[in-house]
Amino acid sequence: MTAKQFILEKEPRTDVERIACLAFYLTNYADKPHFKTLDLSRLNTEAAQPKFSNAAVSVENATKMGYLVPA
């Protein structure tokens, strides 16, 4: 499954949900359990999704909501 197919299937509504979906994809489908914000941004582009206005803030918000955990 490609990142684009995965995102289209999950239908995230917010940037935080999209970050969580991309992180899940990296961890479970790309075998990359550790990643940086830049990795998420690149995968977002690969999935043909709209650019994040500020990816770092989206990642921080996803972390605050419990979707991501810093390593």
Side-chain angles (χ1 to χ4, degrees):
M1 177 178 278
T2 66
K4 184 175 183 175
Q5 292 170 328
F6 184 78
I7 293 295
L8 289 174
E9 182 181 300
K10 297 302 177 187
E11 299 177 355
R13 292 197 169 100
T14 65
D15 59 338
V16 172
E17 289 178 358
R18 192 161 21 122
I19 286 285
C21 288
L22 293 168
F24 185 88
Y25 182 87
L26 280 176
T27 302
N28 295 290
Y29 291 92
D31 293 326
K32 191 170 185 180
H34 304 282
F35 46 83
K36 296 185 182 250
T37 303
L38 184 58
D39 298 322
L40 293 168
S41 293
R42 286 182 181 155
L43 186 61
N44 186 60
T45 302
E46 181 183 318
Q49 294 297 304
K51 287 188 176 187
F52 294 109
S53 58
N54 189 334
V57 171
S58 297
V59 169
E60 184 178 330
N61 289 338
T63 302
K64 287 179 183 176
M65 294 181 78
Y67 293 132
L68 300 177
V69 178

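All figures in this text were calculated on a predicted structure; none of them were measured in a lab.
Atoms CD and CD1, on Glu60 and Ile19 in that order, are 12.0 Å from each other to the nearest 0.5 Å. Residue Asp31 holds its CG atom at 10.5 Å from CG of Leu26, rounded to the nearest 0.5 Å. Atom CG of Leu40 sits about 11.5 Å away from atom SG of Cys21, to the nearest 0.5 Å. To the nearest 0.5 Å, the span separating CZ on Phe52 from OG1 on Thr37 amounts to 10.0 Å. Atoms OG and NZ, from Ser41 and Lys36 in turn, are 13.0 Å apart once rounded to the nearest 0.5 Å.
Taking hydrophobic clusters as Ile, Leu, Val, Met, Phe, Trp and Tyr residues chained together by side-chain heavy-atom distances below 4.5 Å, Val69 does not share a cluster with Phe24. Each of Val59 and Val57 belongs to its own hydrophobic cluster when Ile, Leu, Val, Met, Phe, Trp and Tyr are linked at side-chain heavy-atom distances under 4.5 angstrom.
For the residue pair Asn44 and Gln49, the shortest heavy atom distance occurs at OD1-CB, 3.0 Å. Shown here for Ala47 and Lys4, the closest heavy-atom pair between the two residues is O-CG, 3.5 Å. Taking all atoms of both residues into account, the shortest heavy-atom contact from Pro70 to Thr63 is CD-CG2, 3.9 Å. Listed here is the closest heavy atom pair of Val16 and Ala62: CG1-CA, 3.6 Å. Here the closest heavy-atom approach between residue Thr27 and residue Phe35 is recorded as OG1-CE2, 3.6 Å. When all heavy atoms of Ile7 and Pro12 are compared, the pair lying nearest together is O-CD, 3.4 Å.
Every residue two or more places apart in sequence or in another chain that forms a ring-ring contact (aromatic ring centres under 6.0 Å, His included) with Tyr25 is listed here: Phe6, Tyr29. Annotation: side chain to side chain donor-acceptor pair (under 3.5 Å) contacts of Lys32 (sequence neighbours excluded): Asp39.
Judged by distance alone, the side chain of Arg18 and the main-chain N or O of Pro50 form a donor-acceptor pair under 3.5 Å. With hydrogens and angles ignored, the 3.5 Å screen pairs a side-chain donor or acceptor of Glu17 with a backbone N or O of Arg13.
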